[in-house]
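Bear in mind the structure is a predicted one, so any value in this text is a computation, not a measurement. Because only heavy atoms are used, hydrogens play no part in the values below, and waters and symmetry mates are left out as well, while side chains stay in.
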Amino acid sequence: MKILPNVKWYESAVFYELYTRSFRDGNGDGFGDFAGVLEKLNYLSKLGIDAIWFPPFYASPLRDGGYDISDYRAVDARYGTIDEFEEIVAQAHALGMHVMMDLVLNHTSEKHAWFEASRRNPKGPYGDYYVWADDNKGYAGTRIIFSQTEPSNWTYDETRGQYYWHRFYKEQPDLNFDCPAVHDEVLAIADFWAEKGVDGFRLDAIPFLYEREGTNNESLPQTHAFLVKLRKHLDTHYTDVPLLAEATTPIAENLKYFGTADAPECNMCFNFPLMTEFYAALKTKDARPFVRTAQAVFGNLPPGAVWSNFLRNHDFLTLELLTPEDAEKMEQWYAPSEGVRNGGIARRLAPLLDFDERALRALTALLLALPGSPCLYYGDEILMKDDPSLSDRDSVRLPLPWDEADRAVADPDSFWNWLSSTLHARREAPALVTGDFEILPIDTDKPEILRFRRTAQNGGAAAIFKINFKSLEFGWEKVHL
Ligand code: GLC
């Protein structure tokens, strides 16, 4: 892959979210695993992937797909071993791919030894590792994220005789970031995996680290101060190990996760504000709202900051950032029969777009042409189906059907092969990928047409990307300066 001088690997990379449990079952026990990943690294390389993001594979009771960790230094035995993970990192590197993994810092599993110790011995060394209170009255008004199952963010623990705070399932007690030992623990966990060769970390649920009475307990200044500390720690010990924030927050709040030149925080943030605009533009055939959001997200970026643009992931397609009216429209367009769960839609990319390959190609091409590092979701390269009759988010986490993947790879006209050639072509034009971005004015008679120019920073090349949300035509046009 061509990487320009002064451009960090993650500024031009295409990421692939690989949900290990569902990707490839290597040992035939019906559960995806690292042996399966090892078998399929060539598949990813051939597709044109630059970096793999692994959601949590730590030891876990799997109450929340692995986001409930019982041991941060162990791989869940169902996936395999740490040695196999190290082998994945080594082989991915040999194929020119980077590896990013989830760092879940906000909470652990209730089965983590720290929580067991904390609930048994309030005065012991782990007594303050979690957020305990004598009653459940504190932080009133904080929203409940998993509102379909959790009646409260507080749960009573019989053993300790107190309530503990949790922003997600009750089996996921929140760590107490006011406890200095918790900071030491989580920095040591980042070191543990960085030393195994991991190239970057996705920071799960990062707005929720701190609680303060009288606030909404999201994106507090203390959380940003911790991110400055974590970033500094990594920059001191390693080279170019980026942090990617999962912060489903409005644009102004989201931009703060990049930090400032003097106090940098995350290198990357998921582009939640822009994600829903792709889907809306497809239905309204009006590019103007997309443009307004794109200008706001791309227009104010600090130097070196990178958006991770995406269409789908392992969670619901979240409508959290929309006004109630816009959320209602999205629901009518995309989930008229099954409705919205926990604020989102339990569908995958291809079914959302009615398996319309022209729409899939157009939105994917737009995703790949925007500034930032796009992130694809496993299975979307083969138009994978979902199953909204399943509970929680299992609808979008089905096992990848490898017979279909093999057929797609072999068919020169498949979406897979179109995507692969687009990804390989993107790699050959790194100057445009990281170049300047300028949205061209929209013609009032043709609000369905979006055009933007990418110009290489060295002034060598420029090209205009055009997409018509009505006809679904799209493409690049070279321009001479
Ligand atoms: C993030 C993850 C989601 C998980 C939650 C709690 O939003 O993406 O899957 O349930 O955090 O860890």
Side-chain angles (χ1 to χ4, degrees), residues 4 7 11-14 249-258 268-311 321-323 326 329-330 358-375 422 425-426 429-481:
L4 296 175
V7 172
E11 293 183 52
S12 59
V14 174
T249 55
I251 299 171
E253 287 295 314
N254 217 316
L255 285 165
K256 289 188 194 153
Y257 282 90
F258 290 114
M268 312 177 72
C269 288
F270 283 114
N271 203 338
F272 281 101
L274 197 62
M275 181 270 293
T276 43
E277 300 287 10
F278 289 80
Y279 295 99
L282 198 62
K283 295 291 182 184
T284 61
K285 308 182 193 323
D286 180 351
R288 287 170 297 186
F290 186 98
V291 165
R292 276 194 290 277
T293 304
Q295 257 148 356
V297 291
F298 297 120
N300 303 305
L301 276 188
V306 180
W307 284 109
S308 171
N309 304 309
F310 68 101
L311 292 168
L321 298 180
L322 300 180
T323 61
D326 286 347
K329 283 187 208 153
M330 284 287 288
R358 283 190 333 136
L360 279 161
R361 288 185 194 202
L363 289 199
T364 306
L366 172 59
L367 182 82
L368 297 173
L370 289 166
S373 294
C375 187
T422 306
R426 188 181 183 277
L432 290 179
V433 166
T434 56
D436 291 339
F437 170 71
E438 188 194 352
I439 301 181
L440 302 177
I442 292 196
D443 186 338
T444 39
D445 297 341
K446 292 201 172 64
E448 66 274 19
I449 297 183
L450 163 66
R451 290 159 75 232
F452 55 82
R453 187 189 294 126
R454 308 295 316 264
T455 313
Q457 268 143 5
N458 58 17
I464 291 176
F465 181 81
K466 179 175 164 185
I467 174 169
N468 181 327
F469 284 109
K470 207 184 256 175
S471 69
L472 297 176
E473 283 160 331
F474 63 88
W476 285 99
E477 185 186 309
K478 282 240 165 65
V479 291
H480 298 288
L481 293 176

- Do the side chains of Leu370 and Leu274 get nearer than 4.5 Å, heavy atoms only? yes

- Message: Please report the interatomic distance OG1(Thr455) to CG(Asp436), rounded to the nearest 0.5 Å.
- Response: 6.0 Å

- Item | Spacing of Ile449 atom CD1 and Glu473 atom CD [to the nearest 0.5 Å] | 8.5 Å

- What residues, two or more places apart in sequence or in another chain, satisfy side-chain hydrogen bond (donor to acceptor under 3.5 Å, both in side chains) together with Glu277? Thr293

- So do Leu321 and Thr276 actually touch side chain to side chain, heavy atoms under 4.5 Å? no

- Please name the residue in the list Phe298, Phe452, Tyr279, Phe278 that meets the ring pair (Phe, Tyr, Trp, His ring centres under 6.0 Å) test with Phe290. Phe278

- Task: Would you give the length of the straight line joining atom NZ of Lys470 to atom CG of Asp286, rounded to the nearest 0.5 angstrom?
- Result: 10.0 Å

- Message: Less than 4.5 Å apart, side chain to side chain, heavy atoms only: is that true for Lys478 and Trp476?
- Response: no

- Task: Indicate the atoms forming the closest heavy-atom contact of Phe258 with Pro302, along with that distance.
- Result: CB-CG, 3.8 Å

- More than 12 heavy atoms of other residues, nucleotides or ligands under 6.0 Å from CZ of Arg361: is that the case? yes

- Considering only heavy atoms from C-beta outward, does the side chain of Leu367 approach that of Leu311 to under 4.5 Å? yes

- Message: On a heavy-atom basis, which atom in Cys375 and which in Phe310 lie closest, and how many Å separate them?
- Response: O-CB, 3.6 Å

- Query: Can you tell me how far the CG atom of Leu301 sits from the SG atom of Cys269, to the nearest 0.5 Å?
  - Reply: 9.0 Å

- Message: Quick one: does any side-chain atom of Asn309 pair with a main-chain N or O of Pro371 as donor and acceptor, under 3.5 Å?
- Response: yes

- Query: Taking atom CZ of Phe465 and atom CG of Leu440, what is their separation to the nearest 0.5 Å?
  - Reply: 12.5 Å

- Only counting residues at least two apart or in another chain, list the ones meeting side chain to side chain contact (heavy atoms under 4.5 Å, CB included) with Val306. Tyr10, Glu11, Met268, Ser373

- Val433 versus Arg426: any side-chain heavy-atom pair under 4.5 Å? yes

- Query: Asn468 versus Leu450: any side-chain heavy-atom pair under 4.5 Å?
  - Reply: no

- Note on the structure: For Pro273 and Val297, the nearest pair of non-hydrogen atoms, with its separation, is CB-CG1, 4.1 Å

- Note on the structure: Minimal heavy-atom distance between Ser12 and Thr434, with the atoms involved, is CB-CG2, 4.0 Å

- Query: Is there a side-chain contact between Leu322 and Met330 (heavy atoms, below 4.5 Å)?
  - Reply: yes

- Message: Taking atom NZ as the centre, does Lys285 end up with more than 12 heavy-atom neighbours from other residues, nucleotides or ligands that are less than 6.0 angstrom away?
- Response: yes

- With Glu438 via salt bridge (Lys or Arg N to Asp or Glu O under 4.0 Å) - residues at least two apart: Arg453

- Query: Hey, what do you get for CD1 (Ile442) to CD (Glu448), rounding to the nearest 0.5 Å?
  - Reply: 9.5 Å

- Are Trp307 and Phe272 near enough that their ring centres are under 6.0 Å apart? no

- Query: Is there side-chain contact between Arg451 and Ile439, with heavy atoms separated by less than 4.5 Å?
  - Reply: no

- Message: How about NZ on Lys283, more than 12 heavy atoms from neighbouring residues, nucleotides or ligands closer than 6.0 Å, or not?
- Response: yes

- Query: Would you say Arg454's side chain and Ala461's backbone share a donor-acceptor pair under 3.5 angstrom?
  - Reply: no

- Task: Let me see the working for Leu363 and Phe469 under side-chain contact (heavy atoms from CB on, under 4.5 Å), right down to the final yes or no.
- Result: CA-CA 9 Å; Leu363 289 199; Phe469 284 109; 4.1 Å; yes

